[in-house]
Enquirer: 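The structure's right below; bear with me while I get my questions together.
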Amino acid sequence: MRKVLIANRGEIACRAIRGCKALGLGTVAVYSEADKDALHVALADEAHPVGPAPAKQSYLVIDNLIGAARTSGADAVHPGYGFLSENADFAKAVIAAGLRWIGPDPDSIDDMGDKERARLLARSAGIPILPGSARFHMGALEGLDAAAGEVGFPLLVKAAAGGGGIGMRRVDQLPELAKVVEATQSLAEKSFGDGTIYLERLVERARHVEIQVFGFGDGRAVHMFERECSIQRRFQKIVEESPAPHLPATTRARMAEAAVALCRQERYRGAGTVEFVVDSDSGAFYFLEMNTRIQVEHPVTEMNTGLDLVALQIRLARGDDLGELAQDRIRAEGHAIEARIYAENPARNFLPSPGLLKQFRLPDAAPSLRIDTGARQGDQITFHYDPMIAKVIAHGRDRDQAIDRLLAALAEVRVEGVATNVPFLARVLSHPAFRAGDVFTGFVARHQTELMRGLV
Amino acid sequence: MAENIETMVPGNVWKVLVKPGDKVKAGDVLFILEVMKTEVPHAAGADGTVKAVHIKEGQEGIDAGLLAVEIE
């Protein structure tokens, strides 16, 4: 492996380019017309255009990316996250073109991409899964009541084609069920063109905790502990940290073992994340899904383990001996916490805020502070791509120190030209319930009033 | 009462949920833009009847401040 094409943009493209350079590898960036002056283009040794601004015509076009790899003479591809990173056809196309794919086997991407199959695989690896029903197509509701009885109340009616919380409705008792199912089906039909729904047990005070895993592709796998990702707004993570506050050591260990068991069974290759729902009342955990790529919040794990996950991905793909990566040698120290800075306006109901970054100043990186961004002052933040413009990650000897450092770093952020969620992030991090570690996925909704006071 | 609904932000038109002649109530979502991979619903401010719709589903790269729906 000599030259790596990074099939992505923004901060993760910059992160991967730097990772390749640190290993002495050449780097190839790709860019849409909107990104020709972007930081990732400037950082790479060379850059190739892949199409117009809309991702569907550029970053998501497999042929254009393979074409750029051919033209540049790249011999490997790093997909980053998002875009084609979990697209098995892309992985296959890369491999078929004779290039190294810096990611898991296409079969693993397929297995985990199909949520139903992923659940079955998790179950066969001995991982608890949330009780759920078969699918009910539009107008075909025979057996619905019995299925609800098996799932148990309260439950969620979920649109099969839905995502990001759209088409999800809560039902507390049987008499409400039929009406809610019909309403959800009709909404799903209208929104997604598919009215299929299924039922799933609702966890009242759910936490979202995930395990970072790394598989060697031969049935061996290790974990790098957990990340707590419960602080979300509209199902979008905004703050992630590790260790997860107040998570009992036995739960943490059992979740890590479960995640590793799934990777072993799958003969998983490379970095991945196994996501769980944790019931904060009972302590029970359930498999949610597995992400077969590097995760946005991977720096949290890197900050407290000292590992370089992107370097490990690349080295595994190029066939290095990773003998040093033994479970008993992976240690986490202190506490790490990340905040995602989004171009959105808290004062206008978090309306996305594309525009010109007239001013963009972030604090300097330090041993206890990491800044990952793909944007620079003077950049146009377009509506075509996701709104994340930077990640700020702080480390401390304990949770309080890490939070204090993150708050101090956020206080130094200066952005003009686009609105950001920085004031909102500061509110979250300063909230007494957050400081107490009382986190769950409903945190933002529960504390809405205090979090928004003075921001509107 | 006549009302002009303008786009709040630049983006793509993901869904148009009304057509001329439709009766709408205050708060009803008229159309949804896709901006930075986020859905941005635009709702009616008052009850009325849709007089004209100036955007189309799938339309890409429309500006902020564009007259999208007229209600009377």
Side-chain angles (χ1 to χ4, degrees), chain A residues 9-10 32-34 51-60 81-83 162-167 186-193 232-236 238 296 340-345 347-356 375 380-389 418-421, chain B residues 1 3-71:
Chain A
R9 65 178 301 281
S32 73
E33 278 164 24
K56 263 184 259 170
Q57 298 169 45
S58 51
Y59 296 110
L60 292 173
Y81 56 67
F83 293 126
I166 303 155
S186 122
L187 182 73
E189 176 71 39
K190 209 163 146 185
S191 306
F192 314 113
Q232 308 180 357
R233 217 189 54 77
R234 285 187 200 143
F235 302 94
Q236 179 78 262
I238 53 175
V296 175
R340 301 188 188 189
I341 300 182
Y342 289 115
E344 61 184 17
N345 192 344
R348 293 186 69 192
N349 194 23
F350 294 88
L351 185 69
S353 181
L356 176 68
Q380 192 75 38
I381 304 299
T382 89
F383 66 83
H384 293 288
Y385 313 118
D386 85 64
M388 195 178 72
I389 54 173
V418 307
T420 75
N421 64 337
Chain B
M1 199 177 67
E3 186 188 16
N4 290 337
I5 310 294
E6 296 180 354
T7 54
M8 292 189 280
V9 64
N12 302 324
V13 182
W14 187 59
K15 293 273 170 200
V16 177
L17 304 169
V18 293
K19 55 184 189 306
D22 285 359
K23 298 249 185 287
V24 295
K25 290 206 168 70
D28 281 358
V29 175
L30 308 172
F31 62 95
I32 304 171
L33 296 188
E34 189 232 328
V35 186
M36 294 176 144
K37 293 170 67 187
T38 306
E39 288 172 33
V40 180
H42 287 61
D47 296 0
T49 304
V50 176
K51 186 176 148 199
V53 177
H54 300 290
I55 52 170
K56 272 200 288 230
E57 247 174 56
Q59 204 177 335
E60 293 192 341
I62 62 166
D63 288 333
L66 180 93
L67 176 58
V69 177
E70 293 177 64
I71 293 174

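Quick caveat, the model's predicted, so the values are computed rather than measured. A, B, ... follow the sequence lines: proteins, then strands. Residue 1 opens every chain.
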Enquirer: Please check if atom NZ in B:K15 has more than 12 non-hydrogen atoms from other residues, nucleotides or ligands closer than 6.0 Å.
Expert: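 For B:K15, atom NZ is crowded (more than 12 foreign heavy atoms under 6.0 Å).
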Enquirer: My understanding is that only one of B:N12, B:T38, B:L33 makes a side chain to side chain contact (heavy atoms under 4.5 Å, CB included) with A:F383; could you say which?
Expert: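 Only one option passes, and that is B:N12.
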Enquirer: Is A:A53 close to chain B through its backbone or its side chain, or both, or neither, when contacts mean heavy atoms under 4.5 Å?
Expert: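 Contact with chain B: none, neither part.
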Enquirer: Pick one of side chain, backbone, both or neither for B:V35, based on which atoms fall under 4.5 Å of a heavy atom in chain A.
Expert: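 Both backbone and side chain of B:V35 come within 4.5 Å of chain A.
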Enquirer: Yes or no on side chain to side chain contact (heavy atoms under 4.5 Å, CB included) for A:Q57 and B:E60, after CA distance, side-chain angles and deciding distance?
Expert: CA-CA 12 Å; A:Q57 298 169 45; B:E60 293 192 341; 3.9 Å; yes
Enquirer: Grab the two heavy atoms, one from A:P352 and one from B:V9, that are nearest each other, plus how far apart they are.
Expert: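 Smallest heavy-atom distance, with atoms named: O-CG2, 3.4 Å.
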Enquirer: Report the residue from A:D386, A:I381, A:T382 that forms a side chain to side chain contact (heavy atoms under 4.5 Å, CB included) with B:M36.
Expert: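 Exactly one option meets the side chain to side chain contact (heavy atoms under 4.5 Å, CB included) with B:M36, and it is A:I381.
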